[in-house]
Amino acid sequence: YQWQSRVGAGAWGDIAGANSATYSEPAALTQTTEYRRAAISTAGCGTAYSNTITVTVYAQLQAGTIASDQTICYNTTPAAFTSTTPASGGGGFNYQWQSRVGAGAWGDIAGATGETYSEPAALTQTTEYRRAAISTAGCGTVYSNTITVTVELPPTVNAGPDDTICYISGSYDVMNASVSNSFDIQWSTPDGDGNFFPDDILNTTYTPGILDKNFGKGSEIDLVLSAKGIGGCSSETVSDTMKLLIASELLVAVGTPAPFIVGPNTNINVKIQVEDRNYLTDLSYYLVSPDDSTVVFKEAYDPLSYCNWG
């Protein structure tokens with residue numbers, strides 16, 4: 001016996017050492033190849049050939065490529081994944097999309113067997129995706145490139161606790177605000193007429209305006225801190241509000257509607273009772289003399305410059 005082979009319409013050639021009734025091809029084939037067996041008479045009666053058998057070699061299975069990496073905000077859905085190059089070869093194939101989080105194992109996505117894929121779920125973790133091409137002719141499975149959907153956290157904002165300042169206070173220093181996941185912040189007041197300086201840092205100073213003080217009646221102003229997200233959250237702005245109460249102006253008047261005579265030995269005893277205040281500072285006493293006469297206020301004791309709770 002002598003086994004022979006050929007590729008395409010080329011000439012038949014003897015296969016070295018293939019002289020048995022059967023033959024096993026030791027080489028991995030990359031092209032469709034035909035085989036036949038020659039029977040050569042040892043008595044000079046010529047050569048006869050068997051039928052021809054064909055080993056069909058499918059094109060190499062190629063996974064193709066998919067696109068593309070994305071960066072999204074927490075709890076949002078990524079854009080659809082596209083196919084840059086479809087799979088090919090392998091005698092036919094089926095697609096299967098897979099995903100994983102971190103360094104975990106890849107897992108099949110149920111029902112995701114198309115050339116492209118749209119993730120229906122809002123993501124809360126950075127997730128990787130790839131597409132498998134599975135040969136229907138038993139030529140194995142190959143995988144596309146990996147694409148990554150990076151999930152970024154939205155900004156968190158805390159404008160600080162509500163606070164109270166005195167009517168006479170010239171300004172208010174913000175000290176307890178905090179922001180994360182943002183490099184772009186802005187202070188504003190929707191109902192006040194004061195101003196922030198600077199208005200784009202956490203520890204800013206707010207100077208109340210005339211309307212803020214409400215002409216001595218006291219008012220509560222909203223100080224709003226807004227932060228714009230970064231990366232995939234750049235379209236998201238988060239705000240928080242602290243309420244600043246400007247206490248009403250403390251005015252005290254002692255006297256009667258009608259004039260009264262004040263002589264050199266007249267004593268006026270004044271008792272001041274303050275309600276709805278935590279403390280007093282810069283407390284002073286004075287008399288108003290309508291006729292510009294000199295009035296001396298004799299203190300019964302040295303007043304304290306600071307009184308707290310009585």
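Small disclaimer: the values here were computed from a predicted structure and weren't measured. Any value given below was found using the heavy atoms of this structure, including those in side chains, with hydrogens, waters and symmetry copies removed.
For E152 (side chain) and G232 (main-chain N/O), a donor-acceptor pair under 3.5 Å exists by modelled atom type. Using modelled atom types, one side-chain atom of E25 and one backbone atom of A27 make a donor-acceptor pair closer than 3.5 Å. The main-chain N or O of D222 is found under 3.5 Å from a side-chain atom of T189 such that the two form a donor-acceptor pair. In this structure a side-chain-to-backbone donor-acceptor pair under 3.5 Å is present from D69 to T148. Although no hydrogens or angles enter the test, the distance criterion places a donor-acceptor pair under 3.5 Å between the side chain of Y95 and the main chain of A87. Proximity of a side-chain donor or acceptor of Q70 to a complementary backbone N or O of A79 within less than 3.5 Å is detected. With hydrogens and angles disregarded, a donor-acceptor distance shorter than 3.5 Å links the side chain of D240 to the backbone of A159.
In this structure, the separation between CH2 on W3 and OG on S50 is 6.0 Å, given to the nearest 0.5 Å. One distance of note links SG of C166 with CG of L245; it measures 10.0 Å at 0.5 Å rounding. Distance check, rounded to the nearest 0.5 Å: CG of L225 to OG of S239 gives 7.5 Å. Taken from CG in N75 to CG in L153, the straight-line distance is 11.0 Å, to the nearest 0.5 Å. One distance of note links CD1 of I201 with CZ of F196; it measures 11.5 Å at 0.5 Å rounding. We find the OG1-CG distance between T76 and L123 to be 7.0 Å, quoted to the nearest 0.5 Å.
Between the side chains of Q98 and Y143, no donor N or O sits under 3.5 Å from an acceptor N or O. For T207 and S171, the side-chain atoms include no donor-acceptor pair closer than 3.5 Å. Between the side chains of D173 and T205, at least one donor N or O sits under 3.5 Å from an acceptor N or O. A donor-acceptor pair shorter than 3.5 Å can be found between the side chains of T85 and T65.
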Any chance you could lay out the side chain to side chain contact (heavy atoms under 4.5 Å, CB included) test for L202 and V179, step after step, and finish with the verdict? CA-CA 8 Å; L202 285 178; V179 169; 3.7 Å; yes
Give the intermediate values and the outcome of side chain to side chain contact (heavy atoms under 4.5 Å, CB included) for residues F81 and I66. CA-CA 7 Å; F81 307 133; I66 56 175; 5.7 Å; no
Hey, mind stepping through I165 and Y206 against side chain to side chain contact (heavy atoms under 4.5 Å, CB included) and telling me if it holds? CA-CA 11 Å; I165 61 173; Y206 181 71; over 6 Å; no
Could you go through the side chain to side chain contact (heavy atoms under 4.5 Å, CB included) check for T136 and N94 one step at a time? CA-CA 7 Å; T136 56; N94 293 319; 3.6 Å; yes
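Within the structure, the salt bridge (charged side-chain N to carboxylate O under 4.0 Å, His left out) test picks out the following pairs touching residues 99-109 (sequence neighbours left out): R100-E128.
In plain terms, the two heavy atoms of P190 and V224 that are nearest each other are CD-CG2, 3.7 Å. Looking at every heavy atom in both residues, Y58 comes nearest to C139 through CD1-SG, 3.9 Å. Closest approach of R37 and S20 over heavy atoms only: CD-O, 4.2 Å. Considering all non-hydrogen atoms of both residues, G89 and L61 come closest at O-CD1, 3.7 Å. Taking each heavy atom of T127 and S99 in turn, the nearest pair found is CG2-CB, 4.2 Å. Shortest non-hydrogen contact noted between A132 and T141 is CB-CG2, 4.0 Å.
Proximity of K228 to T237: side-chain heavy atoms (C-beta onward) are separated by under 4.5 Å at one or more points. A heavy-atom distance below 4.5 Å is not found between the side chains of N145 and R130.
Each of V57 and F93 belongs to its own hydrophobic cluster when Ile, Leu, Val, Met, Phe, Trp and Tyr are linked at side-chain heavy-atom distances under 4.5 angstrom. One hydrophobic cluster, built from ILVMFWY side chains closer than 4.5 Å, cannot hold both Y49 and I15; they sit in different ones. The cluster map of Ile, Leu, Val, Met, Phe, Trp and Tyr, joined by side-chain heavy atoms under 4.5 Å apart, puts I72 and I230 in different clusters. Both I221 and V157 are part of a single hydrophobic cluster, where members link through side-chain heavy atoms under 4.5 Å apart. In the hydrophobic clustering of ILVMFWY residues, with side-chain heavy atoms under 4.5 Å counting as a link, L223 and F197 come out apart.
The environment of OH in Y74 is sparse: at most 12 heavy-atom neighbours from other residues, nucleotides or ligands sit within 6.0 Å. For CD of Q60, the number of neighbouring non-hydrogen atoms (other residues, nucleotides, ligands) closer than 6.0 Å is 12 at most.
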